[in-house]
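First up is the structure itself, then whatever we jot down about it.
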Amino acid sequence: MLVKLFATLKDRAGANAITLAAEGEFTVRELRALIAAQHPKLAELAARSIVAINHEFAFDDDVVRATDEVALFPPVSGGRP
Amino acid sequence: MLVKLFATLKDRAGANAITLAAEGEFTVRELRALIAAQHPKLAELAARSIVAINHEFAFDDDVVRATDEVALFPPVSGGRP
Amino acid sequence: MNEPTIIRITADPIDLNALQRAVTTPRDGAVVLFTGTVRGVTGAERTDKLEYEAYTEMAMAKLQQVADEMRAKFALIHGIALVQRVGEMAIGEPTVAVVVSAGHRGDGAFEAARYGIDRLKQIVPVWKKETRPDGSAWVEGDYLPGRGD
Amino acid sequence: MNEPTIIRITADPIDLNALQRAVTTPRDGAVVLFTGTVRGVTGAERTDKLEYEAYTEMAMAKLQQVADEMRAKFALIHGIALVQRVGEMAIGEPTVAVVVSAGHRGDGAFEAARYGIDRLKQIVPVWKKETRPDGSAWVEGDYLPGRGD
């Protein structure tokens, strides 16, 4: 499966997406571990970045399917209110 | 002296100013009476319109000099907040 | 610090892009623009066009006073533009603009713009004449200025 | 009723005049426009230019969600425009616009615009890269979305 990357994560990976060997269903927590294992450069960022599944925010217990659109990115640039 | 008129007052007078025979100093209350006496068409409006002297709001006890710039107009079109 | 204050009474259309640029200083990250527009429908009433008239010299002085009050009440704002259009306007066109810039969106630009339009509608001598299907008439407000206004 | 909702992510400059016209319905007498701009000076820091990047598909969905939330919270507002610019921008240029129309200035357009920009800055996936005299870096926020965001 493909994981889209934005901002700091894109720069760290040197690409706007990474491929991940993954099948079936797993949790967001497991997704983070898969990324860390297969893309060590992203290990630290993968642990604390935001995960989106099919354009919705996802949380550690949520289920990811290998067919979902998955993205990893830092908190958005809110700026001081 | 000249008294500038705006909006409803201008329409009623059919002119954007009226001349007023007046000398020296008098109060805004007396100004309203002078206008009513010399321009009967404006009598009713003169009693309740806003008076401005030299671009500042003026009130019944304020002093007008015949050399001041005097204007008469309705409340401004505020619109519902 | 250079803090632009733009005060204008004009027969020309109001250009919001130009006003945004004009009030924005290098320290500004937020600009709030309020525009009053010619409403074509109010309840069951229909308006075809609007004409605004100003007592220009006094209106300029009172716009400056509104800007001064805004600065006194909202210490963190930077640029201010207060523009009143006069003459004939069609439905949907901006008749008035109140524009405020500030460093951040929480620095009072929203509140200052709201205060500015409220005060402008109270003390700046401008009147509108509405043309409706049944004729035209001056629209009078109900605010009577007091001392200090 | 025809209540325009404009959602846009674009590399083109933001045209406030066009947005004002686009959100204004015949029932509207008030339009509030908020624009975020590229700040050139923040305290002692200087920024030369800014680049915005969006996760476009998700950002469009989240802009729509912000508009839906605005309508749910501010029942009297009419038109809404939410526009995020992406790509390189110079100091003073609008990077984002939140535009709200309503019948009257007290009908919640100011509050809805403020709510809109606050939510947009929390949940719409857009990031900025600042170029300063000492190099360039992504600016990260600190809002962590929760369930329902």
Side-chain angles (χ1 to χ4, degrees), chain C residues 1 13-43 45-48 50 78-79 90-106 108-118 120-121 128, chain D residues 1 13-43 45-48 50 78-79 90-106 108-118 120-121 128:
Chain C
M1 283 287 180
I14 293 176
D15 183 340
L16 300 175
N17 294 321
L19 290 177
Q20 186 274 332
R21 282 193 297 272
V23 301
T24 303
T25 77
R27 295 182 299 151
D28 292 328
V31 180
V32 175
L33 305 93
F34 172 87
T35 72
T37 59
V38 178
R39 196 169 40 245
V41 179
T42 305
E45 299 284 337
R46 212 181 80 217
T47 302
D48 295 321
L50 229 65
H78 296 151
I91 305 306
E93 282 197 279
T95 60
V96 63
V98 175
V99 186
V100 182
S101 71
H104 301 272
R105 63 187 182 277
F110 281 98
E111 295 80 0
R114 176 65 201 267
Y115 177 83
I117 186 62
D118 283 347
L120 189 154
K121 292 289 191 179
K128 65 178 169 186
Chain D
M1 283 288 181
I14 292 176
D15 183 340
L16 300 176
N17 294 321
L19 291 176
Q20 186 273 331
R21 282 191 298 270
V23 301
T24 303
T25 76
R27 295 181 301 151
D28 291 328
V31 180
V32 175
L33 304 94
F34 172 87
T35 72
T37 60
V38 178
R39 195 171 40 246
V41 178
T42 304
E45 299 285 337
R46 211 181 81 218
T47 302
D48 294 321
L50 229 66
H78 296 152
I91 305 306
E93 282 197 279
T95 59
V96 62
V98 175
V99 185
V100 183
S101 71
H104 300 271
R105 64 187 182 276
F110 281 99
E111 295 80 359
R114 175 67 200 268
Y115 177 84
I117 186 62
D118 283 348
L120 189 155
K121 292 288 191 178
K128 64 178 171 187

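In what follows, chains are A, B, ... by sequence order, proteins preceding strands, each numbered from 1. What you see is a predicted model; the values in this text were computed from it and never measured. Atom set for the values below is all heavy atoms of this structure, side chains included, hydrogens, waters and symmetry mates excluded.
Your options are D:Asp118, D:Val99, D:Ile91, and the one with the most heavy-atom pairs under 4.5 Å with chain C is D:Asp118. In terms of heavy-atom pairs under 4.5 Å with chain D, the best-connected choice from C:Thr24, C:Leu33, C:Val96 is C:Leu33. Considering only heavy-atom pairs separated by less than 4.5 Å from chain D, the leading option among C:Ile117, C:Thr95, C:Ile14 is C:Ile117.
Here D:Glu111 pairs with nothing under the salt bridge (Lys or Arg N to Asp or Glu O under 4.0 Å) rule; sequence neighbours left out.
Using a distance-only test at 3.5 Å, with no hydrogens or angles considered, a donor-acceptor pair links the side chain of C:Asp28 to the main chain of C:Thr25.
Looking at C:Leu19, neither its backbone nor its side chain comes within 4.5 Å of chain D, counting heavy atoms on both sides. C:Arg21 does not touch chain D: none of its heavy atoms, backbone or side chain, sits under 4.5 Å away. With a 4.5 Å cut-off on non-hydrogen atoms, C:Val31 touches chain D through its backbone and its side chain both. In this structure, the portions of C:Ala113 lying under 4.5 Å from any heavy atom of chain D include both its backbone and its side chain. Using a 4.5 Å cut-off between heavy atoms, C:Thr37 touches chain D through backbone and side chain atoms alike.
C:Thr42 pairs with exactly one of C:Arg39, C:Arg46, C:Glu45 by the side-chain hydrogen bond (donor to acceptor under 3.5 Å, both in side chains) rule, that one being C:Arg39.
Counting heavy atoms from C-beta on, the side chains of C:Glu93 and C:Leu50 never come closer than 4.5 Å. D:Val38 is not listed as a side-chain neighbour of D:Lys128, based on a closest heavy-atom distance of 4.5 Å or more.
Interatomic distance, CG of C:Leu16 versus CG of D:Asp15, reported as 9.0 Å (0.5 Å rounding).
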